[in-house]
Student: 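Please read through the structure below; I'll follow up with questions.
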Amino acid sequence: RMRNDEAAGRAKAEASEINADAALALSAIEAASRRGSSFESDYRKLRAVMPKSATVRTLGEVATTGAPTLAELQQSFGPASAKARAAVPAERQGALGWLNNMFGDAVTVRGAEEDGATVTLSRAKAALDAGDLEGAVSALGTLSGEPAAAMADWTGSANRRITLEAGLEALRLNMIDGEGQN
């Protein structure tokens, strides 16, 4: 009986150590994510502690590159959307489309025949300004052609941020539920 109690005690101590290692790695990853930095080393530590976790594997998609912060994405949206607006063919911009090209995000001129890309970019900007990154990406998903190509890099960066935040949230919840060793 003493041997069984001793083995159970060792198992509990080992589980506590694994949970502590996972919590430290998660904390380091969260700190890196707040800075928009990569976290490959901490990801490898977490992966070693939780090798079977599908949630941990999703973080692997962004571990080497990191993901820009929401503030960085908000700041880089203006130049990217200006390129997308400039990529709209002149015949689709309407009579006052040259004003949109000239002033970019500072002035938006909307006419009755306004181009769908301009509306889409405005909706995405409004969602982003409200902190709704998923809404901004969803709005941009309706773009096509040259405007979509002009926004592709920004959209890819935003999707990395969304993946990172969703993965971290799921991992936190798994660890709270006691699924940290999966």
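Since the model is a prediction, treat every value here as computed from it, not as a measurement.
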Student: Whether the side chain of S157 engages the backbone of D153 through a donor-acceptor N/O pair (distance < 3.5 Å, no angle test) should be reported.
Tutor: yes

Student: Step by step, work out the side chain to side chain contact (heavy atoms under 4.5 Å, CB included) result for S33 and L164.
Tutor: CA-CA 8 Å; S33 80; L164 175 59; 3.3 Å; yes

Student: Could you measure the distance from the NZ atom of K83 to the CD atom of E146? Nearest 0.5 Å is fine.
Tutor: 13.0 Å

Student: Looking at S53 and V56, would you say the former's side chain and the latter's main chain have a donor-acceptor pair under 3.5 Å?
Tutor: yes

Student: Kindly determine whether F39 and V62 satisfy side chain to side chain contact (heavy atoms under 4.5 Å, CB included), including the steps that lead there.
Tutor: CA-CA 8 Å; F39 49 88; V62 293; 3.7 Å; yes

Student: With side chain to side chain contact (heavy atoms under 4.5 Å, CB included) as the test, would you mind laying out the steps for T55 and L173 before giving the verdict?
Tutor: CA-CA 10 Å; T55 305; L173 292 174; over 6 Å; no

Student: Look up atom CE in M50 and atom CG in L26, then write down how far apart they are to the nearest 0.5 Å.
Tutor: 8.5 Å

Student: Tell me whether E134 at atom CD has more than 12 heavy atoms from other residues, nucleotides or ligands lying less than 6.0 Å away.
Tutor: no

Student: Any sub-3.5 Å donor-acceptor pair from S122's side-chain atoms to T118's backbone N or O?
Tutor: yes

Student: CD1/I29 to OG/S41 distance, rounded to the nearest 0.5 angstrom?
Tutor: 9.5 Å

Student: How close do A127 and A136 get, heavy atom to heavy atom, and via which atoms?
Tutor: CB-N, 3.6 Å

Student: Can you give the donor-acceptor pairs under 3.5 Å from side chains of residues 65-75 to other protein atoms, not counting sequence neighbours?
Tutor:
{"from": "T65", "atom 1": "OG1", "to": "R160", "atom 2": "NE", "distance (Å)": "3.4"}
{"from": "T69", "atom 1": "OG1", "to": "E72", "atom 2": "N", "distance (Å)": "3.1"}
{"from": "E72", "atom 1": "OE1", "to": "T69", "atom 2": "N", "distance (Å)": "2.9"}
{"from": "Q74", "atom 1": "NE2", "to": "L128", "atom 2": "O", "distance (Å)": "2.9"}

Student: Can you name the closest pair of heavy atoms from M175 and N19 and give their distance?
Tutor: CE-O, 4.2 Å

Student: What pairs meet the ring pair (Phe, Tyr, Trp, His ring centres under 6.0 Å) rule with one or both residues in residues 137-177, with sequence neighbours excluded?
Tutor: F77-W154

Student: Begin from the C-alpha positions of T155 and L143 and carry the test side chain to side chain contact (heavy atoms under 4.5 Å, CB included) through to its verdict.
Tutor: CA-CA 11 Å; T155 303; L143 287 177; over 6 Å; no

Student: Which atom names give the shortest non-hydrogen contact between A84 and P147, and what distance separates them?
Tutor: CB-O, 3.7 Å

Student: What's the shortest heavy-atom distance between S38 and A32, and which atoms?
Tutor: O-CB, 3.8 Å

Student: Could you tell me the separation between the CZ atom of R172 and the CD1 atom of I176, rounded to the nearest 0.5 Å?
Tutor: 8.0 Å

Student: Can you run down the salt bridge (charged side-chain N to carboxylate O under 4.0 Å, His left out) pairs that involve residues 39-48, sequence neighbours left out, and say none if there aren't any?
Tutor: D42-K45

Student: Do you know which two heavy atoms are closest between A48 and P51, and how far apart they sit?
Tutor: O-CD, 3.7 Å

Student: If you round to the nearest 0.5 Å, how far is CG of L171 from CG of L46?
Tutor: 5.5 Å

Student: To check you understand the geometry: which heavy-atom pair defines the closest contact between T58 and T163, and what is its length?
Tutor: O-CG2, 3.9 Å

